[in-house]
Number of protein chains: 2
Amino acid sequence: MPGRARTHVPLPEGITDAALRDLVSYSMKRAFNAMQADMLRALAPFDLRLMTFAALSLISENPGLRPSQLADGLAVERGNLVGILDALAARNLIDRIPCPVDGRAQTLHLTEAGVAVLARARQAARAQDSRMVDVLDPDALATLLSALAKIEEHARTRA
Amino acid sequence: MPGRARTHVPLPEGITDAALRDLVSYSMKRAFNAMQADMLRALAPFDLRLMTFAALSLISENPGLRPSQLADGLAVERGNLVGILDALAARNLIDRIPCPVDGRAQTLHLTEAGVAVLARARQAARAQDSRMVDVLDPDALATLLSALAKIEEHARTRA
DNA sequence: TATTGTTATACTCTATAACTATA
DNA sequence: TATAGTTATAGAGTATAACAATA
């Protein structure tokens with residue numbers, strides 16, 4: 001891919017990363033890291049991280065959601081979700097109620113406290129998100145979202 | 001941000017993530033995870049990860065680079081770089097040579113083995129990268145790269 | 001004093017596999 | 001047998017703080 005534009009953040013004096021800049025993966029990694037650090041800070045007042053915030057958000061939108069469905073929605077292995085739910089339940093932000101029709105399953109619900117925390121966290125997350133994409137014009141933003149979705153969709157892990 | 005297009009990968013039956021889809025951060029996280037998993041697989045034959053590959057690449061482009069500069073280039077804390085360099089040195093892919101003009105510093109160089117491994121890994125990484133952005137038209141790719149760079153550049157952590 | 005490399009710690013995320021109880 | 005939740009383990013990434021040697 002010759003002639004790709006120089007879009008990267010400057011490196012320390014005299015250091016070049018031309019070969020790396022040629023990789024979209026590298027740009028994605030750097031942008032993701034920067035985004036994550038900022039979003040972490042924005043969610044810190046609520047003791048939430050990207051993961052726990054997304055979990056609360058999905059449960060809020062889908063009351064009665066099952067852990068396995070939530071794991072799919074978060075793109076997390078079921079096993080790795082348990083600890084997250086344990087922590088949220090210990091903080092009394094969610095309830096895990098046994099599913100009446102399937103003895104194996106649970107249904108997830110936000111508690112009142114969970115609803116309250118999510119409402120405030122959502123404001124902070126949206127504010128930070130808007131701040132992040134503030135520098136993009138609407139067309140660029142739409143293209144970015146579409147490109148990210150296509151990349152995820154066509155990844156072999158999700159095929 | 002009303003009317004933002006539905007760009008996300010479908011969730012399990014009946015589950016919605018409208019509120020999350022509204023966050024660019026969430027799209028970035030999902031796309032990044034998918035990309036990373038694929039790139040990991042592509043680099044696995046060379047026993048490299050995104051991090052170690054990028055380290056070799058930067059050292060290759062900047063012979064004599066110092067660890068602190070490399071840490072900046074990789075957006076990694078100096079302390080967290082030590083183990084990475086230890087591993088690469090143990091595999092005889094890099095040399096850490098004391099800096100002649102500064103007793104505190106080191107200079108990093110690829111060994112012959114490092115050059116050979118990087119050359120092959122680079123091919124695999126570029127092939128995988130191309131595969132990933134294959135679904136994007138050139139305009140979308142350029143916009144994506146530009147958007148990622150702007151996002152990183154304007155993040156508070158790098159301001 | 002400030003910087004370089006280093007060590008140490010702790011937490012998050014990811015990957016993998018196996019276990020149990022239900023279906 | 002298959003699935004849901006769980007447990008366990010290991011490795012990678014990140015954040016933070018401190019330290020000795022050198023500038």
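As the structure is a computational prediction, the values presented were derived from the model and not from experiment. In the text below, chain A, chain B and the rest are named by the order of the sequence lines, each starting its count at 1.
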Does any part of the side chain of A:Lys29, heavy atoms only, come nearer than 4.5 Å to the side chain of A:Asn33, both counted from C-beta? yes
4.5 Å side-chain heavy-atom contact, B:Val115 and B:Ser60: no
Looking at [X], does any N or O in its side chain come under 4.0 Å of the phosphate oxygens OP1/OP2 on [N]?
{"X": "A:Lys29", "N": "D:dA12", "result": "no"}
{"X": "A:Gln36", "N": "C:dT12", "result": "no"}
{"X": "A:Ser68", "N": "D:dG5", "result": "yes"}
{"X": "B:Gln106", "N": "C:dT6", "result": "yes"}
{"X": "B:Asn33", "N": "C:dC13", "result": "no"}

Nearest-Å distance for atom pair [atom1]/[atom2], residues [X] and [N]:
{"X": "B:Leu74", "N": "D:dT14", "atom1": "CG", "atom2": "P", "result": "10 Å"}
{"X": "A:Asp86", "N": "D:dT7", "atom1": "CG", "atom2": "C1'", "result": "11 Å"}
{"X": "A:Gln69", "N": "D:dA4", "atom1": "CD", "atom2": "C1'", "result": "11 Å"}
{"X": "B:Leu81", "N": "D:dG13", "atom1": "CG", "atom2": "C1'", "result": "13 Å"}
{"X": "A:Arg41", "N": "C:dT12", "atom1": "CZ", "atom2": "P", "result": "17 Å"}
{"X": "A:Asp72", "N": "D:dG5", "atom1": "CG", "atom2": "C1'", "result": "14 Å"}

Residues that [X] engages under side chain to side chain donor-acceptor pair (under 3.5 Å), provided they are two or more places apart:
{"X": "A:Gln36", "result": "none"}
{"X": "B:Arg49", "result": "none"}
{"X": "A:Thr107", "result": "A:His109"}

Taking DNA chain C as the partner, which of residues 42-54 of chain A come within under 4.0 angstrom of it by heavy atom?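 Contacts with DNA chain C under 4.0 Å: A:Arg49, A:Met51.
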Lys/Arg-Asp/Glu bridge criterion (N-O < 4.0 Å) met for B:Arg126, B:Asp129: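 No, no charged N to carboxylate O under 4.0 Å.
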Regarding B:Arg131 and B:Asp134, does a basic nitrogen lie under 4.0 Å from an acidic carboxylate oxygen?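 No, this pair does not count.
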With sequence neighbours excluded, tell me which residues meet side chain to side chain contact (heavy atoms under 4.5 Å, CB included) with A:Asn80. A:Val76, A:Glu77
Which residues share a side chain to side chain contact (heavy atoms under 4.5 Å, CB included) with A:Ala125, sequence neighbours left out: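 Residues passing side chain to side chain contact (heavy atoms under 4.5 Å, CB included) with A:Ala125: A:Met39, A:Leu43, A:Phe53, B:Leu23.
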Please list, in numerical order, the residues of residues 90-99 of chain A that have a heavy atom closer than 4.0 Å to any atom of DNA chain D. A:Arg96
Can you list everything that forms a salt bridge (charged side-chain N to carboxylate O under 4.0 Å, His left out) with A:Asp137? Sequence neighbours excluded, please.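 For A:Asp137 there are no salt bridge (charged side-chain N to carboxylate O under 4.0 Å, His left out) partners, ignoring immediate neighbours.
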For B:Arg104, which residues count as a salt bridge (charged side-chain N to carboxylate O under 4.0 Å, His left out) partner, sequence neighbours excluded? B:Asp102
Polar atom pairs (N or O), protein with nucleotides 16-23 of chain C, under 3.5 Å:
| unit_1 | atom_1 | unit_2 | atom_2 | d |
| --- | --- | --- | --- | --- |
| C:dA23 | OP1 | A:Gly103 | N | 2.9 |

When you measure from the side chain of A:Ala37, which nucleotide among C:dT14, C:dT7, D:dA15 comes out closest?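 Closest nucleotide to the A:Ala37 side chain: D:dA15.
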Which sits closer to the 5' end of DNA chain C, B:Val82 or A:Leu40, going by the nucleotide each is nearest to?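 That would be B:Val82.
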Name the atoms and distances for all side-chain donor-acceptor pairs under 3.5 Å in residues 83-101 of chain B, with sequence neighbours left out.
| unit_1 | atom_1 | unit_2 | atom_2 | d |
| --- | --- | --- | --- | --- |
| B:Asp86 | OD1 | B:Arg96 | NH1 | 3.3 |
| B:Asp86 | OD1 | B:Arg96 | NH2 | 2.3 |
| B:Arg91 | NH1 | B:Asp47 | O | 2.7 |
| B:Arg91 | NH2 | B:Phe46 | O | 3.0 |
| B:Arg91 | NH2 | B:Asp47 | O | 3.4 |

